[in-house]
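Counting begins at 1 with the first residue of the sequence.
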Amino acid sequence: MLAACAQMPQSYTDLHWTDLQGDRGSQVMARDFGMCEKLVEQRSQLRGCMFARGWGLAPD
């Protein structure tokens with residue numbers, strides 16, 4: 001089980017993720033990132049996994 005205290009690398013935090021399902025908070029985002037990081041084989045797939053968990057990237 002992944003704890004809500006999971007840490008996201010600063011390079012991914014700086015991407016300005018947006019919660020597509022409301023306002024679940026940074027701890028939930030970090031937990032979902034930790035899960036996706038363990039599930040995908042390549043970092044290039046992280047964005048798709050995060051999107052499936054309800055996170056998108058804010059437009060510039």
Participant: Looking only at heavy atoms, which two atoms of Val40 and Cys49 are closest? And how far apart?
Facilitator: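 Minimum heavy-atom separation between Val40 and Cys49: CG1-CB, 4.0 Å.
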
Participant: Does CZ belonging to Arg24 count more than 12 external heavy atoms closer than 6.0 Å?
Facilitator: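 Buried by this count: over 12 neighbours within 6.0 Å.
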
Participant: Picking from Gln21, Met29, Arg31, what satisfies side chain to side chain contact (heavy atoms under 4.5 Å, CB included) with Arg53?
Facilitator: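 So the option named by the test is Arg31.
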
Participant: Answer yes or no: is there a side-chain heavy-atom contact under 4.5 Å between Trp55 and Leu20?
Facilitator: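 Side chain of Trp55 against side chain of Leu20, heavy atoms only: no contact under 4.5 Å found.
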
Participant: Between Leu57 and Thr18, which heavy-atom pair has the shortest distance, and what is it?
Facilitator: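 Minimum heavy-atom separation between Leu57 and Thr18: C-CG2, 4.1 Å.
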
Participant: Quick one: pull up CG in Leu46 and CG in Leu39 and give me the separation to the nearest 0.5 Å.
Facilitator: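 The distance works out to 9.5 Å.
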
Participant: Indicate, with yes or no, if Met8 and Phe51 share a hydrophobic cluster defined by side-chain heavy-atom contacts under 4.5 Å among Ile, Leu, Val, Met, Phe, Trp and Tyr.
Facilitator: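 Different clusters: Phe51 never reaches Met8 through Ile, Leu, Val, Met, Phe, Trp or Tyr contacts under 4.5 Å.
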
Participant: Main chain of Ser26, side chain of Trp17: is a donor-acceptor contact present, judged purely on distance under 3.5 Å?
Facilitator: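 Not confirmed, Trp17 side chain does not pair with Ser26 backbone.
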
